[in-house]
Amino acid sequence: TIQQTLTGEIKSNNRLLLQLLAVVILGSVFTNLSGKFGKMVGGNGFFVTYLMVVSILLGMFAIVSDIAVSAVSDLTDLMITFIPAYTLAVSYTNGAGTAEFTYQITVLIIFLCEKVIVQIVFPLAKCSGVVGLVNKLNAEDHFSRTVTLLRNIAGWILKTMFAVVTGMNVIKGVIVPSVDKLERNAVLKAFGMLPGGNTVKNVSDILLGSGMVLKNAIGIAGAVVVLLAVLLPVTKIAVIYLTLRIVSAFVQPLGDKRFSDGIGIMAQTIGLMLRGIWCASFLFIISLTLMTLLAR
């Protein structure tokens, strides 16, 4: 299915490549005519053809935006379904404190994905792309710093989320399971002091060992499922991103550099959307992996 998706996306993006090339070549013709018929012809020709390029790019971005939002929403729905089984396994093997922390960190990530990535990062990426395209309508540069600022804010938000969630996982992932383990060992030692307590302790060790294997299997399986869930949308967006990068490099020598710059701006915007999806998926993957490895 990945190969079929990749092949289908490449074929569909070939049409985008041809459309953009045709429009840019047409715009280059108008620009060259400006030397013979006046700047008015060249300016109007560029304006019309650039608007055609913008319409194609915004159509592609609308598709990418729908894919990105749907991918993040599917991730959160998947974790809402998955986390009860995982926290139950964690509660059985590590204790209620570790299970409660696992549930809390997962709810926090779901909140960040739904409220921060979807409602803040993605709109910032969209605004940066639109402002960047509008900025290239004029020969003078007026809004490039605004575009850079919007992108930097979105990037800082993603980096901050990643650092905070990872730090919470590492710090509490070491402390909370250790407390639960101390309480469990104290209970087992108390049973061991009773008549026949060694038998109870040995049986408990066997049950806990079996539960630990089951919990680890569930955690690793969850991380793999999260990775597989974003593989198709990431593949689709990555193909569009690479197509725009190739087109931007190819059309740069053909005419006005603003065509190449505009296509490059949209490629960077789509790349930022791709980073948002990867950030959401890796927040879940790292949380599940760390809790599986640290909570022993």
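Throughout, numbering of the chain's residues begins at 1 and tracks the sequence. Fair warning: this is a prediction, and the values are worked out from it, not measured in the lab.
For the residue pair K159 and R275, the shortest heavy atom distance occurs at CE-NH2, 4.1 Å. Of all non-hydrogen atoms in T87 and P84, the two that sit nearest each other are OG1-O, 3.0 Å. Of all heavy-atom pairs between A125 and L272, the closest is CB-CD2, 3.6 Å. Taking all atoms of both residues into account, the shortest heavy-atom contact from G276 to F122 is CA-CE2, 4.1 Å. S65 and M273 get closest at one heavy-atom pair: CA-CE, 3.7 Å. When all heavy atoms of V121 and A154 are compared, the pair lying nearest together is CG1-CB, 4.2 Å.
For F61, the ring pair (Phe, Tyr, Trp, His ring centres under 6.0 Å) criterion is met by no residue, not counting sequence neighbours.
Under the 4.5 Å side-chain heavy-atom criterion for grouping Ile, Leu, Val, Met, Phe, Trp and Tyr, V164 is connected to V72 within one hydrophobic cluster. Side-chain heavy atoms closer than 4.5 Å link hydrophobic residues (I, L, V, M, F, W, Y) into clusters, and following such links, even through other members, never connects V131 to F259. Residues I105 and F162 share a hydrophobic cluster, clusters being chains of Ile/Leu/Val/Met/Phe/Trp/Tyr side chains in contact below 4.5 Å. If you chain together hydrophobic residues whose side chains sit under 4.5 Å apart, Y241 and V53 fall into the same group. When the side chains of ILVMFWY residues are joined at heavy-atom separations under 4.5 Å, either directly or via intervening members, I80 and L75 end up in a single hydrophobic cluster.
A distance-only check finds no donor-acceptor pair linking the side chain of S248 to the backbone of L244 [under 3.5 Å]. Without hydrogens or angle criteria, S70 side chain to I67 main chain gives no donor-acceptor distance under 3.5 Å.
In this structure, F111 and V107 have side chains that are not in contact, with every pair of non-hydrogen atoms separated by 4.5 Å or more. At least one side-chain heavy atom of I117 sits under 4.5 Å from a side-chain heavy atom of L158. When side chains are defined from C-beta on, L124 counts as touching I157, because their heavy atoms get closer than 4.5 Å. Residues R151 and I265 have side chains in contact (heavy-atom distance under 4.5 Å, counting atoms from C-beta outward). The shortest distance between side-chain heavy atoms of L58 and M266 falls below 4.5 Å. Within the 4.5 Å cutoff, the side chain of L51 has no heavy atoms near those of the S55 side chain. In this structure, L288 and M79 have side chains that are in contact, with non-hydrogen atoms separated by less than 4.5 Å.
Between atom CG of residue L274 and atom NZ of residue K236 there is a gap of 14.0 Å, rounded to the nearest 0.5 Å. Note: W278 CH2 to I285 CD1 = 7.0 Å, rounded to the nearest 0.5 Å. The OG1 atom of T269 sits 7.0 Å away from the CG atom of L133 when rounded to the nearest 0.5 Å. Note: S73 OG to L78 CG = 12.5 Å, rounded to the nearest 0.5 Å. Here the CG-OG distance, from D74 to S281, works out to 12.5 Å after rounding to the nearest 0.5 Å. To the nearest 0.5 Å, the span separating OG on S128 from CG on N135 amounts to 12.0 Å.
For the side-chain contact (heavy atoms from CB on, under 4.5 Å) with S287, the qualifying choice from V226, T166, I109 is I109, the only one to do so.
Ring pair Y86/F82 is parallel by interplanar angle, where below 30° counts as parallel and above 60° as perpendicular.
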